Student: 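Mind having a look at this structure? Questions to follow.
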Amino acid sequence: MNGNPGPPSPRGLPQAAIEEANRALKDAAWAEQNGLVERAIAAYRRVLQLAPQLHQAHNNLSGLLLGIGQPQEALAAARQALALQPDDAMIHGTTGQACLACGLVDEGIGHLRVALAAHPEMHPLRALLADVLVDAGRLEEAAALFQEVEGRYLNDPKFLVPAARLYGRVHLAGSAEAAYLRLLQLEPRRAATCNDLAQLYNEHTHFSKARDLCLKGLMLEPDAPVMWNTLASAQACMGQTAEALQSYRRALELAPGHAATRSNLLLAMHYSSEVTPAELVAEHRRFGEIFAQPDAAARRFPNPPDPGRRLRIGYLSPDFRSHSVAFFFEPLLDHRDHAAFEVVAFADVKGPDAVTARLRGKCDEWHSIVNLPDPVIAERVRAAGIDILVDLAGHAGNVHAAALAWKGAPVQVTYCGYPDSTGLDAVDYRITDAIADPPGVDDGYAEQLLRLPGGFLCFRPPPQLPELTPPPLLDRGQVSFGCFNREFKVSQRCYDLWARILRAVPGSRLVMKCLGAADAGTRAFLLAEFERRGVAASRIELVGFIASQQEHFGWYRQVDVALDTFPYNGTTTTLDSLMMGVPVVTLAGRNHAGRVGASLLARVGLDEYVAADEDGYLALAMELACDPDRLLQLHGSLRQRLLVSDLCNGAKFMPAFEFALRGMWANWCRRQGATLTPAQQAMAAFDFTALPPR
């Protein structure tokens, strides 16, 4: 937005002042061009002392102040420029950016629209305005910003790059793909376009297309770490875990400090039955060592250390949208104690939807952190006065786990979205339970484990469910096993055991419903895994993504017995099965990811379907397959059993959850010198027997 201010007008100024102003102006321009920001700022301020009528100097100063994170001073400078030259579209652009940085969204949008009307070729400004509109839930307006001028810029890569990204954010996948393909026509050797289009394909279940495009891009730039990361994501989503781990490690050889790739590696390691718990612990500790920010973690907080006051609880996640995490987050909003807790969301939601809007309406404050660097996210949290920050993602979803190292809140907690440690000493607690994390595993975590007494999750069932039906075995005469978990959770040992089950139960089949089933390359890979284990492809029914929730649930009517994955269990899929009356067989593993099934089934009183080993898993599956009467009884009763269980009782769950939050806060206050009452001491000791019975 910066331009070159003209020389100061001599009117009213002595010659010496004019000459000094000119020297300062030249110095400011030179310093700005050479990236000497502080020197440029000082020079512009000197110019404006001598010639305050130079509107462009005010404008340039504003842009520089924005760049160093001083939005209030930047806005003041921009407004001075605008007062001197109210019709200058460039100044409107700078003012709009400063308004947005100060949280004045509506005013900022107005200024940016003025700037774009005069300068439609300013595509970075168009992208900024579109992102602001998306964050405000105004998706159609955001898309229109690009659609209205698309015909003028179809040969301009500087337009097509932000257009494609924006179309992806507003769920216009076809338009995004067309823009990327046009970019590849214009610049066929632009490897970044291969990567961006591959990411789009990954997001829309075209995993083998994404893999192939990455391989093409790597022929152009074989040492591009971001391309290796995208390739690994495609391979993981196809269920090719070993290949994905190799690609992630190659990406980290090229860029060892890339936090998102290292998070992706950590998540993918849980999919493999060949990775040991000790290897997982070591890799998480390595993450903590690489991304530790001891100076940031040691900073003092201005939060009043009053253990009894109303607390500001921040929740950090990319999954405030149609995602399984929302099923477990919404009960925390619906059943919280409003008098004791405020809720502030920090949303890294790149594609908001109706669920985003619903969750946003239940929070006291909402902050979009899309595309913000890790330290800036932490500063946003600190500026919001958050007392306890609850991370709902960990290393899942290619998000900002490393932002937690910058310690944005006095107390930091990880919960729900990721089945392991963050590896960061800056994260104080991890909320779990004694089944998912039994005594003796604590040393594997960077955080202190806080075990809730009645299980660590609370589930919000969908408001409408299809009617229950008898098990299909009664009509088909042959048993149908099923698994609706993602394909990457099916490990090599899982394939081995499922093949044993199918061979042991004559005429049985397996229904696999997973995102990758819609992708030809993934389908071929999945079927080949069974065929090389002696199970014909005709016995495997693959079902891809179904947008309608009712139709999705309807597929459970095709399943007699659900088989859980290992070493990474299902969570929402297990509860979906129970809601549709389908019993689930799970294998209790050696770490949290492999013990969630045991935790969930225990909450519903179904411990008998938790196997201690693979032979026990096989025996349970065969026992159910051979007992039609038992299946008929289960298919008719499991839904009600789940709905009346503590798993779905938010009113009972939240007092313990909030008691735990109070205990964390009481401990921090005590370290600041506060004196605790006996009740607060019980909270600080996480003595849940002090909770009133419900």
Side-chain angles (χ1 to χ4, degrees), residues 1 88-97 99-100 105-206 209-210 212-214 216-217 220 226-227 230 321-322 349-354 356-357 368 370-371 547:
M1 303 303 296
D88 190 315
M90 303 292 282
I91 296 175
H92 277 282
T94 307
T95 308
Q97 293 177 73
C99 285
L100 295 178
V105 175
D106 289 337
E107 184 180 347
I109 288 173
H111 286 296
L112 293 180
R113 286 195 184 279
V114 171
L116 273 176
H119 296 283
E121 75 286 354
M122 296 173 65
H123 304 312
L125 207 60
R126 186 181 306 280
L128 173 63
L129 176 54
D131 282 340
V132 172
L133 292 170
V134 172
D135 291 339
R138 295 155 65 174
L139 274 60
E140 291 184 3
E141 289 182 60
L145 282 173
F146 285 90
Q147 292 168 329
E148 289 169 354
V149 298
E150 193 173 59
R152 297 171 58 181
Y153 297 110
L154 278 179
N155 294 319
D156 185 352
K158 292 180 180 178
F159 171 83
L160 290 168
V161 170
R165 187 183 67 83
L166 186 278
Y167 290 148
R169 282 201 73 190
V170 299
H171 314 298
L172 296 174
S175 297
E177 182 187 28
Y180 283 130
L181 291 174
R182 180 61 180 153
L183 270 168
L184 285 174
Q185 287 179 336
L186 295 171
E187 299 179 339
R189 298 193 60 79
R190 188 176 186 271
T193 304
C194 295
N195 181 71
D196 293 342
L197 180 54
Q199 288 183 337
L200 180 74
Y201 284 148
N202 273 340
E203 291 167 8
H204 292 275
T205 73
H206 302 302
K209 275 188 176 182
D212 295 345
L213 199 57
C214 285
K216 175 184 175 182
L220 299 172
V226 67
M227 193 87 68
T230 305
R321 54 189 174 91
S322 295
V349 182
K350 295 178 175 62
D353 55 22
T356 308
S368 173
V370 172
N371 297 327

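Everything quoted here is computed from the prediction, not taken from an experiment.
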Student: His123 and Tyr153: aromatic ring centres closer than 6.0 Å?
Tutor: yes
Student: If I take atom NE2 from residue His111 and atom CD1 from residue Ile91, how far apart are they, to the nearest 0.5 angstrom?
Tutor: 11.0 Å
Student: Below 4.5 Å, heavy atoms only, C-beta onward: do Pro120 and Arg126 meet side chain to side chain?
Tutor: yes
Student: With no hydrogens and no angle check, do the side chains of Tyr180 and Gln199 hold a donor and an acceptor under 3.5 Å apart?
Tutor: no
Student: Return yes if a side-chain donor-acceptor contact under 3.5 Å exists between Asp353 and Thr356, otherwise no.
Tutor: yes
Student: When you check the side-chain N and O atoms of Glu177 and Tyr201, is any donor under 3.5 Å from an acceptor?
Tutor: yes
Student: Would a 4.5 Å heavy-atom cut-off, applied to side chains only, mark Leu166 and Leu172 as touching?
Tutor: no
Student: State, with a plain yes or no, whether a side-chain heavy atom of Val134 is found less than 4.5 Å away from one of Pro352.
Tutor: yes
Student: Side-chain contact test, heavy atoms from C-beta onward, threshold under 4.5 Å: evaluate it for Leu184 versus Arg190 and give yes or no.
Tutor: no
Student: Might you work through the salt bridge (charged side-chain N to carboxylate O under 4.0 Å, His left out) test for Arg169 and Asp135, ending with a clear yes or no?
Tutor: CA-CA 10 Å; Arg169 282 201 73 190; Asp135 291 339; 3.0 Å; yes
Student: With a 4.5 Å limit on heavy-atom distance, are the side chains of Phe159 and Val149 in contact?
Tutor: yes
Student: Identify whether the distance between the nearest side-chain nitrogen and carboxylate oxygen of Glu141 and Arg113 falls below 4.0 Å.
Tutor: yes
Student: Heavy-atom distance under 4.5 Å between the side chains of Val170 and Glu140, does that happen here?
Tutor: no
Student: Are the side chains of Leu112 and His92 in touch, meaning some heavy atoms are under 4.5 Å apart?
Tutor: no
Student: With rounding to the nearest 0.5 angstrom, report the CG to CD distance, Leu116 to Glu121.
Tutor: 9.0 Å
Student: Assess the residue pair Phe146 and Arg165 against the criterion (side chain to side chain contact (heavy atoms under 4.5 Å, CB included)); give the C-alpha distance rounded to whole Å, side-chain angles, the decisive distance to 0.1 Å, and a yes or no.
Tutor: CA-CA 11 Å; Phe146 285 90; Arg165 187 183 67 83; over 6 Å; no
Student: Is the shortest side-chain heavy-atom distance between Val105 and Val132 below 4.5 Å?
Tutor: yes
Student: Should the pair Asp131-Lys350 be classified as a salt bridge under the 4.0 Å nitrogen-to-oxygen rule?
Tutor: no
